[in-house]
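Shown next, in structure tokens, is the structure this report addresses.
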Amino acid sequence: MQAREFSPPTSPRRIIYPPPMLSNSPITSLLDSLLRCPSSIQTRSQAQQLHALLLKSHPRPSPLLFSLYSALALVSDALLAFSADPSPSSSCYAEVIRCSTARGLFDHSLSAFVRMRSSGTPLGHAVLPSVLKSCAAIRDPHLGAAVHGFLIRSGWIADFFTANALLNMYCKLSRAEDERRNSPAGAMGRDGANGDLTSFRSMQVQGSCLKSVRMVFDEMPERDVVSWNTLIAGTAENGMYLEALDMVKGMSVAGLKPDSFTLSSILPIFAEHVDYKKGKEIHGFAKRHALDSDVFIGSSLIDMYANCTNVDYMCRVFDLLPNPDAISWNSTIAGLVQNAMFDEGLNLFREMLLLQIKPMPVTFSSIMPACAHLTRLHLGKQLHGYVIRGGFNRNVFVSSSLVDMYVKCGNVHIARRVFDGMPSPDIVSCTAMIMGYALHGPAQEALSLFRRMEMEIGKPNHVAFVAVLTACSHAGLVDEAWEYFHKMSKNYGLTPRLEHYAAVADLLGRAGKLEEAYDFISTMHIKPTASVWSTLLAASRVHKNAKFAEKVSAKILEIEPKDMGSHVLMSNIYSAAGRWKEAAKVRMTMKHKGMRKRPAYSWIEVKNELHAFMAHDKSHPWYDKIMKALEVLTEQMTREGYVPNTEDVLHDVEEEQKRHMLCGHSERLAIAFGIISTPPGTTIRVTKNLRVCVDCHTATKFISKIVGREIVVRDLNRFHHFRDGECSCKDYW
DNA sequence: ATAGGGTTAG
């Protein structure tokens, strides 16, 4: 086998090298023909026998041997043979560099290249694109620049494939540069979690690698579709959306038609900017050019429609994809879950498993939030088992979603165990854990984890501050909250957002500092929304200050005349004060404005199934048994000293009737069902879509003591752990 | 031989 000489277009340097030794024995041609037919060799030992024969008959390993080893995924054998060879031929080098890069062994690829250069072996074709890809993969800008210099000196830069690979390398390096600049705050979220950095970035000088991309592109004497697509993808990935779109135009002007690569790199732009109209236009373009059956475009379209909340279109794209792959399935599952269609997401996930499509780490991080939202602890545990068996728990996305799932399903200890098992926790997983402590009560744990995050993990972002402020708020830590609130702008350059103001206002309100909270909101640097004001409404109810509530309510209705929470809470406050006429008036207003109260419901997972209850809803098959159990329980509770607290009952009815109404509250039905359908001692976990009412809170404390069980109730705002007549919230919620 | 799609915390 003769090494094929391939001269670069202009070669300023001539390298003298010894000619390869040739052997024309019949055995060699037999071996070569065997090597050319890799399907005839299927085991490692066959490959090694062949290798041995080859060594005896042939002075140098054939490059085909390396291809064979690579095809059998035996790269270590290939590398061994390569290192044993005192002077590999040019094509052996090429083959080793190519296989190593293709198999992700970038260091091996690059060291082979270095050895090749120092031995003076001439470069075969197809070597440099692999070398450039390896430089990009190991994110080494210095090595990349050195290879760039070599390309210029040797003239290889004039080769299309090489120049395009160089472009791509600078795009990848530029993204690495960008990530380094933002670290250790972590990667940028699509929702603009690091908004301040985004605006900051547009002001500062772009990284040198992005400049190199432009430079290489501009200096290319000719550009093909790949050059344009690489430039466009790199520009879009670096967040320069308008420029990327302009380049698509530039490409057309240059006489090149956008293809499936072009479309799949610009579609994420419309997804991110929630530009449904433009995204749909691209969809139309894809259809007209028969590109809509491409899985890459399909997955991008699915993601774009999901982000634009058009679930119908998203499903249609998925259904019409002729050959959806695992990523198309993932995008659709993620799209459903992100649009709060949790059951549909879980069903599609099951369908995927039934069709034997192998789930990937992303599949789990996409589906886990569905378990978290639905409080499906048992299902989540099953998936956790799958994750462990598949070795997916090394993935930070998967582990973070697991931490969050256990937190939301009420098991903060297992969440912590998963968190502690993470080899390198990041801001997101830390925040999930801090939020877990915030929701469950142990504020000191939240604060100490936050301190650890600052020291060991990285710069906290907006979400992390929301979590720590929520922890302070739920525990009534006023001084600490102020400290963190000031710290975020002073130490980290983060401008407080609505949710941070809301957390502080909520805290001040809970602590009874109503006027201080009012002034705080009034002097915010951004215009307060109805939801910020309504934190004070809840506070004025807890502190029974109807006058203050009226003042706040007026503020809210100024902004949102149809704000549901404000109406309901005002009605509650009037009812509690016995001002039935005013309460009725609020309800009349709601009717006039065409508002309907969101129905309260609670649910519980028993034997891997969800059971949902609405107040006074008799549709559950066990309804009679549940009522019977509640009767017995109420009797015991009364004996223990339970006095119904009827102030949350909205209606102007007799006391006796009110008590009956309290008994029918959805969470009480769910708790009673949990007691009679699970073995004694089992923890009961109930989720409610609204806040727990005062009476149910008291009743649940009694029930936990009577039945000797821990009862975990997740409401709209936080968790309540009832045990032995006490609640973890210490009646402060 | 070079280019493309999906995920976690509020």
Side-chain angles (χ1 to χ4, degrees), chain A residues 94 97-98 101-102 124-133 136 159-169 171-172 186-187 189-191 193 224-234 236-237 259-268 271 294-304 306 324-335 337-338 360-369 372 392 395-405 407-408 426-436 438-439 460-470 497-500 502-503:
Chain A
I97 290 171
R98 198 193 57 75
T101 305
H125 72 302
V127 171
L128 289 166
S130 290
V131 171
L132 290 162
K133 195 174 172 176
D159 175 57
F160 247 133
F161 285 100
T162 305
N164 284 342
L166 181 69
L167 266 183
N168 186 46
M169 179 195 76
C171 288
K172 294 265 156 63
R190 163 173 291 180
D191 52 358
D224 64 0
V225 192
V226 178
S227 328
W228 279 98
N229 282 341
T230 307
L231 177 72
I232 291 167
E237 266 180 15
D259 64 0
S260 68
F261 283 84
T262 327
L263 297 195
S264 57
S265 38
I266 57 163
L267 269 169
D294 181 285
V295 274
F296 285 85
I297 291 189
S299 303
S300 302
L301 283 172
I302 287 168
D303 185 52
M304 184 274 293
D325 62 5
I327 292 183
S328 328
W329 280 84
N330 284 333
S331 313
T332 313
I333 291 171
V337 175
Q338 286 159 1
M360 299 184 287
V362 266
T363 321
F364 290 97
S365 45
S366 306
I367 200 65
M368 214 56 85
F392 299 141
N395 180 300
V396 271
F397 286 84
V398 175
S399 294
S400 301
S401 69
L402 275 169
V403 169
D404 186 56
M405 185 274 293
V407 160
K408 300 259 169 67
D426 63 348
I427 300 286
V428 173
S429 44
C430 241
T431 305
M433 197 64 237
I434 292 170
M435 200 58 186
L439 295 176
N461 60 16
H462 279 109
V463 191
F465 274 102
V466 171
V468 77
L469 287 172
T470 306
R497 297 184 186 174
L498 272 175
E499 45 277 33
H500 306 99

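Each chain gets a letter, A, B and so on, in the order the sequences are listed, and its residues count up from 1.
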Between atom [atom1] in [X] and atom [atom2] in [N], what is the gap in whole Å?
X: Asp159(A); N: dT2(B); atom1: CG; atom2: C1'; result: 9 Å
X: Leu301(A); N: dG4(B); atom1: CG; atom2: P; result: 18 Å
X: Ile367(A); N: dT7(B); atom1: CD1; atom2: P; result: 13 Å
X: Asp404(A); N: dT7(B); atom1: CG; atom2: P; result: 16 Å
X: Asn168(A); N: dT2(B); atom1: CG; atom2: C1'; result: 7 Å
X: Leu439(A); N: dA9(B); atom1: CG; atom2: P; result: 13 Å
X: Trp228(A); N: dG4(B); atom1: CH2; atom2: P; result: 18 Å
X: Ile333(A); N: dT7(B); atom1: CD1; atom2: P; result: 12 Å

Side chain of [X] only, please: which of [options] is the nearest?
X: Asn229(A); options: dT7(B), dA3(B), dT8(B); result: dA3(B)
X: Pro129(A); options: dG4(B), dG6(B), dA1(B); result: dA1(B)
X: Lys172(A); options: dG4(B), dA9(B), dT2(B); result: dG4(B)
X: Pro268(A); options: dG6(B), dT2(B), dT7(B); result: dG6(B)
X: Lys133(A); options: dT2(B), dG6(B), dG5(B); result: dT2(B)
X: Ala165(A); options: dA9(B), dT2(B), dG6(B); result: dT2(B)
X: Phe161(A); options: dG6(B), dA1(B), dA9(B); result: dA1(B)
X: Ser331(A); options: dT8(B), dG6(B), dG5(B); result: dG6(B)

What I want to check is whether an N or O donor and acceptor connect the side chain of [X] with the base of [N] at under 3.5 Å.
X: Asp294(A); N: dG5(B); answer: no
X: Ser400(A); N: dT8(B); answer: yes
X: Ser265(A); N: dG4(B); answer: no

Give [X] one of three labels, base, sugar-phosphate or nothing, depending on what nucleic acid heavy atoms sit under 4.0 Å from its own.
X: Ser300(A); answer: sugar-phosphate
X: Ser328(A); answer: base
X: Met433(A); answer: nothing
X: Thr262(A); answer: nothing
X: Ser366(A); answer: sugar-phosphate
X: Asp325(A); answer: base
X: Asp259(A); answer: base
X: Val127(A); answer: nothing

Do any N or O atoms from the side chain of [X] and from the backbone of [Y] form a donor-acceptor pair under 3.5 angstrom?
X: His462(A); Y: His500(A); result: no
X: Ser328(A); Y: Asp325(A); result: yes
X: Asp303(A); Y: Ser299(A); result: no

Value rounded to 0.5 Å, distance of [atom1] in [X] from [atom2] in [Y]:
X: Thr162(A); Y: Met169(A); atom1: OG1; atom2: CE; answer: 12.0 Å
X: Ser366(A); Y: Gln338(A); atom1: OG; atom2: CD; answer: 7.0 Å
X: Ile327(A); Y: Met360(A); atom1: CD1; atom2: CE; answer: 4.5 Å

Residues in ring-ring contact (aromatic ring centres under 6.0 Å, His included) contact with Phe397(A), at least two apart in sequence or another chain: none
Would you say a side-chain N or O of Gln338(A) is under 4.0 Å from OP1 or OP2 of dT7(B)?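 Yes, such a contact exists.
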Stacking check Phe397(A) vs dT7(B) (5.5 Å / 30 deg):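 According to the criterion (under 5.5 Å, under 30°), yes, Phe397(A) stacks.
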